Amino acid sequence: MEAGETGTRTYLGVPLYRPRVAFFEFSSCEGCQLQILNNESTLLDFLSLVDVVNFREAMTGGSDDYEIAFVEGSITRDDEVKRLKKIRKKAKTLVALGSCACFGGVNQLKNRFKDINKAKKEVYGRHPIDSEPVRTLEDIVKVDLKIYGCPVKKEEVEKIALHIAIGKSIVFPKYPVCMECKRNENICLFELGEPCLGPVTRAGCDSWCPNSRAGCWGCRGPADEPNMEQMKKIMEEYGFSEETIMDRLECFGGFSSLMGKGNTK
Amino acid sequence: MKKTCNVNIKPLTRVEGHGNIRIKIKNGKLQEAKWEVVETPRFFEAILKGKKWDNAPWITGRICGICSIGHTLASIRAVENAFGIVPDEQTRKLRILLKHMETLQSHTLHLCFLVLPDFMNTGSVFPLIKTHGDVVLRAAKIKKLANDVCDCIGGRRMHPTRTVVGGFTMLPDKEELSGFSDRLKDITLDLMLVAELVKGFSLPDFSRETEFVSLKGVDDYPFIGGDMVSSDGVRMREEEYKKMTNEYMTDQSTSKWCRLSRDSFAVGALARLNNNFEFLHPAAKEMAEGFGLIPVNHNPFMNNIAQLVECIHVVKESIGLIDELLDSEFKESRQEVKAKRGIGVAAVEVPRGILYHSYEFDDNGKIVKCDCVIPTGQNHANIQHDLEGIAEEYAAQGKNDRELELLAAMLVRAYDPCISCSVH
Amino acid sequence: MNPELKFTDVAAELYAPQKRKDDLKGFEYTYRAEITSIYPLTEMETLYRIQVVDPEERRRFAFTPGQFLMLEMPGIGEAPFSISSSPSIHGEVELCIRKVGNLTNFLPRVKRGTHVGIRGPFGTGFPMQNMHGQNVLLIAGGLGLVPLRSPIAYVMENRSHFRDVNIIYGTKNPSQLLFTYQYEIWRKDDIDIEIIVEKADKSWKGPSGLITDPLEDILSGRDSEYYHNTYAIVCGPPVMFKFVCNMLNEFHIPMQKMFVSLERRMHCGMGKCCRCNVGSTYTCLTGPVFDYWTVMNLKEAI
Amino acid sequence: MIFRTFEKQELKKLFEILAAHNRIIGPVETGRDRDGRPVYAFADVTDYDDVELKYSITKLPAKRFFLPFKEDLSTFRIENDTWQKEISYNVDRPLIFFGLHPCDINALNKLDKVLLHSVYPMPYYAAKRENMFIVGMDCIPQPYCFCRSMGSDTALHGFDMFITDLGSRYFVEILSNTAFNFLKNIKTSEPGEDDHVLYMKVVAKRNNEFTRHVDTTDLTKILDMEFQSEVWKEWGDKCLSCGTCSSVCPTCYCYGVDETVDIDLKGARKTKMLHSCNLIDFAEVAGGHNFRPGRENRLKYRYYHKHRGFVEAFEESLCVGCGRCGESCLADITVPEVIDSIRGSGRNK
Ligand SMILES: Cc1cc2nc3c(=O)[nH]c(=O)nc-3n(C[C@H](O)[C@H](O)[C@H](O)COP(=O)(O)OP(=O)(O)OC[C@H]3O[C@@H](n4cnc5c(N)ncnc54)[C@H](O)[C@@H]3O)c2cc1C
Ligand code: SF4
Ligand code: SF4
Ligand code: SF4
C-alpha cells in the first residue's frame, strides 16, 4: 500500500490516513529511533499504519517525499542547522522525537561550560573541532509535536501513529509522574531515601524509573504548572544536597527554563 | 580492463550514526579510498567533569542507544574499581546475563535487520516482511526475547534503570526469570535456522592481515573485566588501557582513532572469537567450524558470522546462568557505596568490541577526569585500511561503481559500526 | 463445612439487598443508535439526527427538555450533549455538536448510517408543565441555543398553554448564528424572536450589541403582572447568564423561575466520576438545569 | 451479633483452611523505609507466616481490589463499519480480606453509600463488593491517624467477622452466616464474663492510645463560610498537585474515562482510571477552560467533597481519618492541620 493512499482500511467507516514518514537524527544516541525497532511484537501493526520512506538507520535509498518527519537529537553544528531547515521545508509535520530534540537532552549539559572552547579542549586538546552550544529543534524551526522521554516510550510513539491514522488528537498527561507511580503501587523513593523528580515531571512514562526503585530524573520535562519551589524544599528536607537536586534538574534540559538560570537558551 | 570508478556514499545507511565513504579509481589505479566520520561530537567526557560519581552510569549510558547496557555496566565497573567495590556473585551473574541479552539483541538487529537486506538485494528489512516474513518474524522473536530479559533484569531494554554502582536497585522476579529459560531454549532453533539461511550467502572473499584486540578469558569467554590481549602478542591489564588504545586525532574523523602494534587493529566479535576460540560453548564452536571460521581469521566480513556464533554462545550460557540464579537464594541487591579519591578503569566487551571507561575522582567522589574509548573508535583506522585494501583489490579486477559501492558499504557494515557512539 | 466461598454474579442473580439487577446492568448499557442525518450548520457546528435502532428501545427512549445524553464512538470517546429536539418524538434525538476535541472532531467525518452508542437521558430538565399559563423568555447566547431548541419545540407543540413567548438569541458574529432556517417557522407560531450579534459585518442587517439590550427593551415595556408570571430559560456561557439573570432579577422575576443549564467536564453522567462537581454538587444529577437561586448558592458556579 | 473466642493458634488453622480453597488478600511487608521501618501493603497471601497481623497501616489501601486504579469498563470488537460492545465487571472469584482495620472497613461502608446505595449503583464495584469476605482485625493507633475524630475507629458492620486480640486469645464478632460456618472448622468457645471484661479493657486501652484529634463540629458550615479564606492559598502554595493523596486514600473514588483503539484496529476499549481532584486537568474541558485553575482551588475542593458535599448527601464525611494522605504527602499537607487552619485555630502556626 502506498503512502497517503488509504486503500480499503477504515475505522468505523472513516478512511485511515497513512502518512509517509521519515526519521532523521542529529546529535544523539539514536536510541529513540531504535525504540521503534525495539517494538517487536507490534512492529508490523505499526508499519501498517505509516509508510516509512526514509529511515537511514534501517534502510538504504530513502525518499525525500515525506509528510511527517520524526527528528531525533539536538543541534550542535552549523551543517545540522541547514539540514534541519531543509527537513522543516519538506515536512508538513515535524515531530521532535525524544528529550534531545525537545530539550537538548544530556547533550545540553555541555552548555554548562560558558566557554565552549573549554569543553573542546577537555576532549580534543588542541585538535580543532567544530561544535556549538547545544540547541533544541525549537530553537531553530517550528516544531509541531513533541514526544518526550529519554528514551521515548515506544507505546507512546505507537499511540501517536495510531492517532494520526484515525485522526484523533494527541494529548499527553498534564499531571506529574507521582500519579502513575501510585497507580503502579510503588513505595515512594523518598521513603526509601532516594531523590526523585516525580512530583514535577510530566507523566506518560508510566513511572518507568520509580517502578525499578530508581528516582525520576525528569527526562520528560516539567508537568503543567509544576511546583518547583516546593519540590526544592522537599529535596532539602529529605537531606539531599543542592548539587543532587541540580544534577537531576539539569540532566535532560527540560527544566532549564524553570531553574532560574536557563542554560539552553 | 582499466576502469574509472567514483564512489561517494554520504551518509552510509543501515549503520548507527553518520559516516561517509569516498573511493576514486582512475584507469584501474586507486586514487583515494576514504572512511570519513562526520558525526557531531557530544562531549560526554567534558559533560561529566565536576559531576558526582552517581551521574556517570546514568549519563554515559546515553552515549549509545544500541549498547546502553554495555556502557552503563562499563561505567559502573569503572566507578566500582575506583572505590574498591567488588560485586558479589549474584550481581556478577545478573550483569553478565543482562549483557548477554544485549549482545543477542544487538547482534540480531545487525544481522537480520541491517545486514540481511544486502544479501537479499533490498534497501531495507521492510520489503522482506512481505517476501521473507518467516525470517523477519524469527529475528523479531529473538530480539523480543533478548529485550524482554533486559527489561526484567535491567528495568528497561534501553538506558537501564536498575543497574547502579554497588549492584541493582531491585532484583528480577524469579517467576518471570524462570519463564525465560524455556524461551531461550526455544530460540536456539530459530538461531540455527537463521544460520542455515546465512550459509546460503557467499561472503566477499577478502582478507587482510590484521591485529585483533579483545579481553582474554581465564577460563571462560570474556565479557566484563580482565586482561586485554592482541593477536600480535600484546597483553595488558585493565588499568593500562591507554597503552592498548593509543588514541590520536585525525582530520577525516570527529572520532579519535587507535593503533597498537601496527597502523590499526580490530575489535569486535571476530576479534573476541579469534582470541578466545577455546572458551566458546561447544555448540557455538560447532557452528563456527561449520562456517569455516577457525582462528585466526582475517576476513572482516567474517565478523557477521562471528556475531552469529556469539549469539549461540550467549544463549547457551544464559540458560545456565538463569538456572544458577533460580537455584540460589536472592540476597540484598545493593552494596553500600563509599566514594573516595582515585582512578577506576573498566574494560568491557560490548557487542562491537572492547569498551573502556575511566574516571578519576576527587575526595568527594566528583569526577576530575573522564575518558571513554569506544569499540568503533578503535575500529575506524582498521576500516580505513580495509577500505583501501578492498578498493585496491577490486580496482585491479575492474569492478564497476555499483559493485564497488555495495562492497564498500558491506565492508563498513560488517564492522557493525556505532558511529555516534565512537564520537560521543 | 465447605470452606469455599460461592461466587455471586451480580449481573445474573437478583442482587438481594438492593433488588437492582437492572440498575446495575444499566450502568454501562448503551443504546445502539444510528446517525440518520448529518447536517453542517456552520463551520464549527453540525447537526446530527440519531435514532435508536431497536424499535422496542426506541419507544422507551423518552426525555424531558433540558436533559442530556452521553454519546459514544468506540475507541474515540464519549461525551455529554444536550438533546436539541422535540421531547414528543421518542427514540430519536437531534444533537448540535461543536468541533472542539477528539470525539467532536471525529463525528463530522463519519458517514450517515454509522452506529454510535448512547446512554441516558441524564440530568434534570426544564419544568415545562409548571410554565403552563405563563409567559416564557427563552434567552440564548452562542451554543446556548442548542439546549433551548427542545423547550422551544415543546412550546410550539403546546402553544396554547403559554402566554407571551420571546426568544432572544445573540452570538459574537453573524456567521455563528445557528438554525437560521428555523427563525421564520418559530415566528409563525407567534413566538417573538430577537436576534442580535456582537460584531456585525457587511451582510448583517439586524441589530448589534449585547444580548441584554433587546432584553431590556422587552422587559421595560412590561408591568409587574408580567414579571410575576414569567419564566425564563437562560443558556449560554457563564458570563452571559450572569448578566442576563441579574437583569431579570432587577425586574423582579423570581430567581426560582429563572433556569440555567451548567456545563462541566463529565465522564459518567451518573454521579460517580465527580468531574462535574460544582462546589460539591453533581451537575449531572442535580443539574445540568438549575434554577438561579440554587446556582447563587453553589460555590464555584459562576 | 454473635461472639466467640478462640486460641491463637486456631487462627492459623482457619487461615490455612480458607487459603486451601480461596484467594486471600492480607497485609504483608514489601520493604523497609530509609529508617529501617517496615512498609506494608495488601497483597495475595498463601502462607500464614507472611501475614503481618501486627501491621501499622498499609501505604496504599485495599481499594485496588475493588476500585482498581485502571479498569476496562467495556471492550469493543470493531467489525468493519460497526462494532460490538462487551461488558465485563472484571471479577471471577470471591476474595477474602484477612486483617482489615476498622478504618478500611468503614471506608468500604462509605463507598457503599455512593457506589451501591445511591442512584445508578456501580456494577463494577458491586460485583467485587458482593464477592468479598472480610476478616477485620483491631489496630494499633498510630500517631498520624485521627479515625476516632471521624467516628471510624470501630467498625460496626461491613465485615463478616472481626477479631480482637485479648492478649492470650482472640475475641471474634461474627456478622455473617458464612463466617459462622467457617468458624466451625476451628475450636471456638462462647465468651465468658471474664472475656467480656478483658475485651472492654483492651478496647478502653486502645481508645486511650489515639493521640491525633481533629474538631469536626460544624465543619460543613465552616467550610462554606471560609470558602474565600486566605488559608487555602497557603496550602495551595505547598501542594504539588500530584494526586498522591487521592491515590492512597481508601475512600477517594473520582475517575476519568479514556477510550483507546487497539493498534491492530480490531478492538477498542473504554478504560476507567482513578483520577484525583488535585490534578490540573480534573475540571478542564475541551477548548482549554479550567473550572479549577489554581492549586488551591483544587485542594480546597478535595475538602469540600469529603467534608461537605458527602455529608450533605449521606450524613457523614468521606474521610475515615486513616491519615494515609498526610503520611504520603511529600509537602506535609495533613487533614487535621488543614481543618484546624480552616477553623482558625491553626492559623499563623
Ligand atoms: C450537560 C452538557 C451538555 C453539553 N451539550 C453540548 C452540546 O449540545 N453541543 C456541544 O457541542 N457540546 C456540548 N457540551 C460540551 C461537550 O460535552 C464537549 O464539547 C465534549 O465533551 C468535547 O468532547 P471531545 O471528546 O470532543 O473533547 P476532548 O477534549 O477530547 O475531551 C475528552 C473528554 O473530556 C470530557 N470533556 C471535555 N470537555 C468537556 C465539556 N465541555 N463538557 C463536558 N465534558 C467535557 C469528556 O468526557 C470528553 O469525552 C455539553 C456538555 C455538558 C456537560
Ligand atoms: S517515587 Fe517519585 S514519582 Fe513515585 S510517588 Fe515518590 S516522588 Fe512521586
Ligand atoms: S521516571 Fe522520570 S526519568 Fe524515568 S522515564 Fe519517567 S520521566 Fe524519565
Ligand atoms: S482523606 Fe486522608 S485521612 Fe481521610 S480517608 Fe482519605 S487518606 Fe485517610
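Residue numbers start from 1 in every chain, and the chains themselves are labelled A, B, ... in the order their sequence lines are given, proteins ahead of strands. Reckoned from all heavy atoms, side chains included, excluding hydrogens, waters and symmetry mates. Keep in mind the model is a prediction, meaning the values are calculated, not measured.
For the atom pair CD of A:E30 and SG of B:C418, the computed distance is 8.0 Å after rounding to the nearest 0.5 Å. Between atom CZ of residue B:R42 and atom CZ of residue A:F26 there is a gap of 14.5 Å, rounded to the nearest 0.5 Å. Rounding to the nearest 0.5 Å gives a distance of 6.0 Å between CD1 of B:I129 and CG of A:L43. The OG1 atom of A:T60 sits 6.5 Å away from the CG atom of B:D118 when rounded to the nearest 0.5 Å. In this structure, the separation between CG on A:D79 and OG1 on B:T40 is 8.0 Å, given to the nearest 0.5 Å. Taking CG of A:N211 as the reference point, atom CZ of B:R156 lies at 10.5 Å (rounded to 0.5 Å).
Contact of B:I66 with chain A is made through backbone and side chain together, with heavy-atom distances under 4.5 Å. Using a 4.5 Å cut-off between heavy atoms, B:E247 does not touch chain A at all. Interface remark: A:K154 contributes side-chain atoms only to the contact with chain B (heavy atom separation under 4.5 Å). Heavy-atom distances place the backbone of B:T250, and not its side chain, under 4.5 Å from chain A. Looking at B:V423, both its backbone and its side chain come within 4.5 Å of chain A, counting heavy atoms on both sides. For B:V15, the parts lying near chain A are the backbone and the side chain together; criterion is any non-hydrogen pair under 4.5 Å. Of the two parts of B:C421, neither the backbone nor the side chain holds a non-hydrogen atom closer than 4.5 Å to a non-hydrogen atom of chain A.
In this pair, A:F55 and B:F126 present their aromatic rings tilted. The plane angle is within the 30 to 60° band.
Options A:T76, A:N38, A:L37 differ in how many heavy-atom pairs under 4.5 Å they form with chain B, and the most are formed by A:N38. Contact tally against chain B (heavy-atom pairs below 4.5 Å) for A:R77, A:R56, A:E194, A:H127: the top residue is A:R56. For the set A:C150, A:G105, A:G62, the entry with the most heavy-atom pairs within less than 4.5 Å of chain B is A:C150. Contact tally against chain B (heavy-atom pairs below 4.5 Å) for A:S28, A:C209, A:C29: the top residue is A:C29. Among A:A214, A:G31, A:C100, A:A58, the residue making the largest number of heavy-atom pairs under 4.5 Å with chain B is A:A58. Heavy-atom pairs under 4.5 Å with chain B were tallied for A:R213, A:R248, A:K121; the largest tally goes to A:R213.
In this structure, A:K110 fails the cation-pi test against B:F44, since its NZ or CZ atom is not both closer than 6.0 Å to the six-membered ring centre and inside 45 degrees of the ring normal.
Here the side chain of A:Y124 pairs a donor or acceptor atom with the backbone of B:T254 at under 3.5 angstrom.
For the pair B:M158 and A:P151, the tightest heavy-atom approach, listed with the atom from each and the gap, is SD-CB, 3.7 Å. Closest approach of A:S41 and B:K144 over heavy atoms only: CB-CE, 3.5 Å. Nearest heavy atoms, A:S131 versus B:P41: OG-O, 4.3 Å.
In this structure, the side chains of B:K49 and A:K118 stay at 4.5 Å or more apart for every pair of heavy atoms. Proximity of A:L34 to B:L109: side-chain heavy atoms (C-beta onward) are separated by under 4.5 Å at one or more points. Considering only heavy atoms from C-beta on, B:R62 comes within 4.5 Å of A:F252 through its side chain. Here the side chains of A:L44 and B:L137 are in contact, with some heavy-atom distance below 4.5 Å. Residues A:W217 and B:N55 are in side-chain contact: their nearest non-hydrogen atoms beyond the backbone lie under 4.5 Å apart. In this structure the side chain of A:C251 reaches within 4.5 angstrom of the side chain of B:I59, judged on heavy atoms. Contact of the B:K366 side chain with the A:E243 side chain is registered, since non-hydrogen atoms from C-beta on lie closer than 4.5 Å.
Looking at B:R138 and A:E40, no side-chain N of the basic residue comes within less than 4.0 Å of a carboxylate O on the acidic one, giving no salt bridge. For B:K51 and A:E250, the salt-bridge test passes: some basic side-chain N is under 4.0 Å from an acidic carboxylate O.
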Legend entry - Evaluation steps, salt bridge (charged side-chain N to carboxylate O under 4.0 Å, His left out), between B:K52 and A:E242: CA-CA 12 Å; B:K52 245 183 60 192; A:E242 177 92 9; over 6 Å; no
Inset, instruction - For the pair A:I129 and B:F43, evaluate side chain to side chain contact (heavy atoms under 4.5 Å, CB included) and give the outcome as yes or no after the intermediate values. - result: CA-CA 11 Å; A:I129 197 92; B:F43 294 88; 4.1 Å; yes
Inset, instruction - Output, in order, the C-alpha distance, side-chain angles, deciding distance and verdict of side chain to side chain contact (heavy atoms under 4.5 Å, CB included) for B:T13 and A:M59. - result: CA-CA 6 Å; B:T13 55; A:M59 69 193 276; over 6 Å; no
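For A:D206, the side chain to side chain donor-acceptor pair (under 3.5 Å) partners are A:N184, not counting sequence neighbours.
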